[in-house]
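Structure, as structure tokens:
Naming convention: chains lettered A, B, ... in sequence-line order (proteins, then strands); numbering from 1 in each chain.
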Amino acid sequence: MSEYKHTLHLPQTDFPMRGNLPQREPEMLKRWQELNIYQQLREQRAGQDTFILHDGPPYANGDIHIGHAVNKILKDFIVKAKSMNGLDSPYIPGWDCHGLPIELQVEKNLGKKQVSPREFRDACREYARQQIEKQSKDFQRLGVMGDWANPYLTMDFKTEADIVRALGRIIAAGHVDKGFKPVHWCSECGSALAEAEVEYEDKTSPAIDVRFQVVDEAEVSKRFQIAACSQTSIVIWTTTPWTLPANQAVALHPELEYVLIAHQQDGVTEHLILAEALLNSCLQRYQIENYQIVARCVGQDLEHLKLKHPFYAREVPVILGDHVTTEAGTGAVHTAPGHGLEDYIVGLRYHLPIDNPVGGDGKFLPHTEIFAGEQVFKANDHVIEVLQAHRKLLHHEKIRHSYPHCWRHKTPIIFRATPQWFISMEKHQLRQQALEVIQAVDWTPEWGEQRIVGMIENRPDWCISRQRNWGVPITVFVHKETGALHPQTLELIEKIAQQIEKIGIDAWFELQPTELLGDDAQHYDKASDTLDVWFDSGVTHATVLETRDELCVPADLYLEGSDQHRGWFQSSLLTSVAMRHGKAPYSGVLTHGFTVDAKGRKMSKSLGNVIAPQDVIKNSGADILRLWVAATDYRGEITVSNEILTRIAEAYRRIRNTSRFLLANLAGFDPATDRVSRENMLALDRWAVDKAYHLQQEIIKAYDSYNFHVVYQKVHHFCTVEMGSLYLDIIKDRQYTCQKDSVARRSAQTALFHIIEALSRWLTPILSFTADEIWQYIPGARGKSVLLETWYNGLFPLDENSVVAAPTWDKIWVIREAVSKELEKLRAVEVIGAGLEAEVHLYCDHHTVELLSVLQNELRFVLITSYSHLHLAEQRPEDAVNYEGFWVKAQRCEHKKCIRCWHLREDVGANAEHPELCGRCVENVAGVGEVRLFA
RNA sequence: UUUUGGAUAGCUCAAUUGGAUAGAGCAGUUGACUUAUAAUCAACGAGUUACAGGUUCGAUUCCUGUUCCAAACCCCA
């Protein structure tokens, strides 16, 4: 176009405008691998203070979903931000490898093929390994930095051994008990379930009212202090008819009022005992209209009264319990200690037998009268029939209520008393110690503390045994008669652990007791249970933090979804307190919410609203996913939708393009030789560095407080406003038109250099791929990767001695905004197009005129107009437009346009050799170059 | 049922802990530029701060109640 175009210094860079992340990121990953970046960083940070974020192990089954991605990315932000702080922040990813879901998968894969337990466990191990490999690849693709070559697996032989040792330590501390008590039991799993494995769903059950006839009517008369009575029953209400075979008592509340009523039944007078508070609802249910209240008493008065079991030849007592309520039912509670925890507890007081007629498969045991072999839920109808036949059934209806289900099978579970191993919450004050320790932990958000306190306060003893194959064995011997642990249990555990270290858990399963116990073996049973997998992951503070050189207990941070208050946070806390005499495994716990769709619904396949991380990566790139995680306040729900991801991609482009422009304007700049010293930099350039300086402090603070969305907002704002709208727009003129090596231009480049040094680091924890890509394009000698760096310390603030101080700049920006508005008005009426076609007059108070006149004739560059004139307010013409504290008049500039810099200047054409140039450009093209001091 | 947390523009987030007209960016609309160009710049709309009360000179902020969302608890009989 113009013969002068080659005299301009237009931006130039190979840094691509478009990220093309799906292609570029894998290349970057490869580069990191080749650099062995993780190890290199460890070496570089060796000896520094550490920050230990301990990875909660995901379960080694299935592809990673967006929740996994959020979790790992948040962890990566923290690890990398700490590293930027100069700390040594190792990250060892882990996997949870044992347990039922893997067994189920393997069973499915094996089909009908019969295999030995050993082969089965080998298959489980192999399956888990494959799953881990796949998940690991996906995690790494997210850009998560860690020791992926050496993760911890709960199925490592060494770890399996250490899990057994951890159990030994907890036994040594006296917390482990063998008990026979009701536990959540899934008959599909054929195993006890942990609290965390139970979820509540609606279920339809039969609700029945059953007569328990009193044995001795005379005794009843005596208790109620009446003359006589006949055909008397206490009525119970239950939603689990199948538990009646195990009934051992009927519980009443000691202080509750009970009434004895009489009514006609088939011409015979019958007496019923019910809680007075529930009388009306019961009678309505039974459709009894005519009745009389014969007498009343409180529950206490009926204690030890003998009742007939409704269909067995068994007498059961009336007992008292505070758990009886008047919320529903009859005020009399059918009590089966083998099928309910409260029944069990109250049963202990009355020495009731703990009868459990139900087998592990959910069917009645062969010796069970009437119901032998029947599946319990199916037996409900049969029980009802039998009751009817015995004329014990008062009422029967369907009820829909919430009921515990197995979280894996989604099937209703039962309470079933079986011999199990427990970690006792009370025996050695585990509960109390845990509650004390919680206070010393830093919970983020704060309400996490209340949540876990509530859970610890209420939780029952932890049933740690499972009746499975693919799990770490409970490696103890129990005396056949006394049930006591072998006196050398701790030594034996260590011996077994050493063998497990060599060949894995099979060492126990295949162990002949005589090998260890000699002749003593005949007196002992070898335990066959495995440990709850929550135990495996719960003791990683011992099996991983304690055993790895680069880690230690307590970890600085555990970071998981809020569901882990009842899972890993709790299992880790309890085991640590148990084995370290009241020490927490972590000093801080951070939780994040779950991902939901735009309407706040959970992601589910059936709703079709699932956004897979693999898809986002394939279509947009991991950095987009990472930026989305950063942009969201993860403390609540984390919303994801295509709209949100589109917005994030836009924001990404802005950040990328700003970086690109910085790089493009650094073309030809060598920081070693071209850098301008702080004192010699132009005022505007110092302002820009000052902005970056203050912003960096805020960004570091936001990283330190895990407020990544604040980092995102601030960085984006900086790119858009401070850089795009203001600084970069203004310096274009200087960058393009001044002489290549002039102070004016080198000063701006110096600022850009400082800023891109800082910006690339700000981005590193979040946009790791992009930040490192930028890094490769920054001029000057530098390390191989920005991941190895710490925050940039070359930024500096404006001070009071600055020629143009911060308050002056603030004023200038206000004026600039007003000028923009005025220019827009001129544009609207087609008086001007570009801002340079205008000149502006500013009318200000004396003080402001003085402030701005410091800039001399360079104010026009800041305003991006061809001329700007400063006047005192009183000189303003009628048509000057008022803004807060000043007036603006903008008009078309009538001079000729310089073909090179596009300013409209009166001196265009003054030089005959360059008839189309302004004086400034002539100077820059043919002279020694213009001098700029401020902007 | 209870407990806890939450609800600010179409989207993502602010609001110095009770202070002035509730702010940014994105998206939208309109325009400019062609020297960041599948880019950039400017202007412009957009809010009953979930709702209803209360305390206060003043409430997005504190209190009470309601609605909705989420999590936990419970749902044992």
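- Looking at which nucleotide of RNA chain B each of V710(A) and E830(A) is closest to, the 5′-most match is held by V710(A).
- Going from atom NE2 of H592(A) over to atom P of A70(B) covers 19 Å, rounded to whole Å.
- Counting non-hydrogen atoms under 4.0 angstrom, S641(A) reaches nothing in the nucleic acid.
- Ion pairing between a basic and an acidic side chain is recognised when a charged N comes within 4.0 Å of a carboxylate O; E643(A) and R647(A) show such pairing.
- Heavy-atom nearest nucleotides on RNA chain B were determined for I832(A) and for T737(A), and the one closer to the 5' end corresponds to I832(A).
- Taking the C1' atoms as reference points, U37(B) lies 22 Å from U29(B), given to the whole Å.
- With no hydrogens or angles considered, no side-chain donor-acceptor pair links R660(A) and T13(A) at under 3.5 Å.
- When the P atom is compared between U35(B) and U40(B), the two are found 16 Å apart, to the nearest whole Å.
- Counting any heavy atom pair closer than 4.0 Å across all strands shown, T632(A) reaches sugar-phosphate atoms only and no base atom.
- Side chains of T240(A) and T243(A): a donor on one and an acceptor on the other come within 3.5 Å.
- Spacing between atom CZ of R892(A) and atom C1' of A32(B) amounts to 13 Å, rounded to whole angstrom units.
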Exercise. How does RNA chain B look in dot-bracket notation if pairs are Watson-Crick or G-U with both distances under 3.5 Å, crossing ones as [ ], other-strand ones as |?
Worked result: .((((((..((((.....[...)))).(((((.......))))).....(((((..]....))))))))))).....
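- Only the C1' atoms considered, G53(B) is 31 Å distant from G10(B), to the nearest whole Å.
- Counting only N and O atoms by type, the side chains of N71(A) and H592(A) include a donor and acceptor under 3.5 Å apart.
- Heavy atoms of other residues, nucleotides or ligands lying less than 6.0 angstrom from CD of Q12(A) number 12 at most.
- Between H565(A) and U4(B), a side-chain N or O to OP1/OP2 separation shorter than 4.0 Å is absent.
- No engagement by T646(A) is indicated, since no non-hydrogen atom pair under 4.0 Å with the nucleic acid exists.
- R656(A) places its CZ atom 20 Å from the C1' atom of G25(B), with the value rounded to the nearest Å.
- Residue-environment remark: CD (E817(A)) stays at or below the threshold of 12 foreign heavy atoms within 6.0 Å.
- With both ends at atom P, the span from C41(B) to C26(B) equals 8 Å, rounded to whole Å.
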Seminar exercise, completed: With sugar-phosphate taken as primed atoms, P, OP1 and OP2 and all else as base, the protein-contact string of nucleotides 36-45 of chain B at under 4.0 Å (heavy atoms; B, S, -) is BSBSSSBSS-
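- Using a 4.0 Å heavy-atom criterion, one finds that A631(A) contacts the sugar-phosphate atoms exclusively.
- Checking C13(B), C11(B), C26(B) against the side-chain heavy atoms of H716(A) singles out C26(B) as nearest.
- On the C1' atoms, U48(B) is 13 Å away from A9(B), given to the nearest whole Å.
- Look at CD1 on I644(A): it is 20 Å from P on G25(B), rounded to the nearest Å.
- Within 4.0 Å (heavy atoms only), N665(A) reaches no atom of the nucleic acid at all.
- Nucleotides A20(B) and U61(B) are separated by 13 Å at their P atoms, to the nearest Å.
- Among the atoms of the strands shown, none is found under 4.0 Å from any heavy atom of G454(A).
- For A15(B) and G54(B), the P atoms lie 29 Å apart once the distance is rounded to whole Å.
- Using a 4.0 Å heavy-atom cutoff across all strands shown, Q713(A) reaches at least one base atom of the nucleic acid.
- Looking only at atom types and distance, the side chain of T737(A) has no donor-acceptor partner in the side chain of N924(A) under 3.5 Å away.
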Exercise. What do the steps show when you test E773(A) against R656(A) for salt bridge (charged side-chain N to carboxylate O under 4.0 Å, His left out), and what is the final call?
Worked result: CA-CA 10 Å; E773(A) 190 187 350; R656(A) 185 178 178 93; 2.9 Å; yes
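- A distance of about 15 Å separates the P atoms of A22(B) and C51(B), rounded to the whole Å.
- Remark: the Q450(A) side chain and the U3(B) base include no donor-acceptor N/O pair separated by less than 3.5 Å.
- Taking atom OH of Y652(A) as the reference point, atom C1' of G25(B) lies 18 Å away to the nearest angstrom.
- Side chains of V235(A) and F212(A) form no contact here, defined as non-hydrogen atoms less than 4.5 Å apart.
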For this session: Could you check K732(A) against D729(A) for salt bridge (charged side-chain N to carboxylate O under 4.0 Å, His left out), going step by step and ending with a plain yes or no?
Result: CA-CA 6 Å; K732(A) 281 178 197 170; D729(A) 207 24; 3.3 Å; yes
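- Inspection of the H903(A) and D733(A) side chains reveals an N or O donor paired with an N or O acceptor under 3.5 Å.
- Within 3.5 Å, a donor on the side chain of W902(A) pairs with an acceptor on the base of U35(B), or the reverse.
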